[in-house]
Amino acid sequence: MKNFTSVYDIDNLQNIIAKALKIKENPLENPTKGKGKTIGLVFLNSSLRTRLSSQIAAQNLGLNVLTLNAAQEAWNLEFADGTVMNGDTVEHIKDAIGVLNQYCDIIAVRCFAGMKSKEDDVNESILSQFLKHAKVPVISLESATRHPLQSLADCITITENWTENRKPKVVLTWAPHIKPIAQAVGNSFTEWMQRMDVDFVIANPEGYDLDKNFTKDTKVIHNQDEALKDADFVYVKNWSSFEDYTTMPKVEENWMLTNEKLELTNDAKVMHCLPVRRNLELSDEVMDGENSIIYQQAKNRIFSAQAVFSEILDELK
Ligand code: CP
């Protein structure tokens, strides 16, 4: 694996899930695999899980870890080419990446959607600069349109929780929020579920359909109750309108996941990538209930990251 920015960087999904589950059994099995190598974790946006799970995963492999909370700690970055930098921006992203190349054997970056220009976000205006200017492997810690380490952790979690001899029904259901949120988690989960042996359905209100380039032939249902029927896994996540970019079309029904709605399912396990707004996206009773596998999902972020770092290290040898 040269870079890791989407499911398309994985040769065999089942193999990497199996690898991650093996790592989970003994995370310190290869404590010197990354010895003498450095990973830079660059955060242009906030994080709890991605930052900490990536640090744990890297340390488990013996990698040196440099974490840069760039939005708070670094110079104000310029992203546009050819700009006369006589304003607020102090350092061009090209130069920042040029320097990271000198310090790091792997560069991992979090660069959310700017939510200002649909074109910039769809074209991954920041991640593409890392892919263009980095001289070392690049790992996405969530970009404008995808969150691949989260999606791999989600696949690991579903695999761990499914023992029946049939395909599980997995429902990605939209949830309410107070402000416009990007589609990255929903897009990414969709792409990875299309590669899993599951019956996958997306439920969202009218006006909230994800980008067709991600949903492709996946069934999209605008009635949450209908979608939840007989579900084995329910993944809760908000996103704003893709079509009318960054807007939040009015939704009459209450899409918050409650225990009452869970009764429509096949005693479904509940997932969320976190952070979650309790009693808005899903109720306290669901979050704290026995069907929630949300903390297990968060724990699996370590093994998702460790499996990917390990594959990238294989390429560096
Ligand atoms: N799920 C996730 O990516 O969490 P953080 O934003 O806290 O890293």
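Atoms within a ligand are numbered from 1 in the order they appear, just like the ligands themselves.
Contact annotation: the side chain of Phe309 never approaches that of Asn60 to less than 4.5 Å [non-hydrogen atoms, C-beta and beyond]. For the pair Phe200 and Leu172, the minimum side-chain heavy-atom distance is below 4.5 Å. Side-chain contact check for Val236 versus Val276: every heavy-atom pair is 4.5 Å or farther apart. Residues Ile178 and Met248 have side chains not in contact (no heavy-atom distance under 4.5 Å, counting atoms from C-beta outward). Here the side chains of Pro249 and Glu206 are not in contact, with every heavy-atom distance at 4.5 Å or above.
Close contacts of ligand 1 with Arg301, meaning ligand atoms under 4.0 Å from a residue heavy atom, involve 1 (N), 2 (C), 3 (O). In summary, the atoms of ligand 1 found under 4.0 Å from a heavy atom of Leu48, numbered by their order in the structure, are 5 (P), 7 (O), 8 (O). Atoms of ligand 1 found under 4.0 Å from any heavy atom of Gln150 (numbered from 1 in listed order, with element): 1 (N), 2 (C). Atom numbering of ligand 1 starts at 1 in the shown order; those under 4.0 Å from a heavy atom of Cys273 are 1 (N).
Counting only heavy atoms of the protein, atom 6 (O) of ligand 1 lies nearest to Arg110 NH1, 2.8 Å. The closest protein non-hydrogen atom to atom 3 (O) of ligand 1 is His147 NE2, 2.8 Å. In this structure, atom 4 (O) of ligand 1 lies nearest to the protein heavy atom Arg49 NE, 2.8 Å.
No part of Gln297 comes within 4.0 Å of ligand 1, judged by heavy-atom distances. With a 4.0 Å cut-off on non-hydrogen atoms, Val185 does not touch ligand 1 at all.
Side-chain atoms of Gln297 do not come within 3.5 Å of backbone N or O of Met271 as any donor-acceptor pair.
Tested against Glu142, the residues Arg51, Arg110, Arg301 include a single salt bridge (charged side-chain N to carboxylate O under 4.0 Å, His left out) partner, Arg110.
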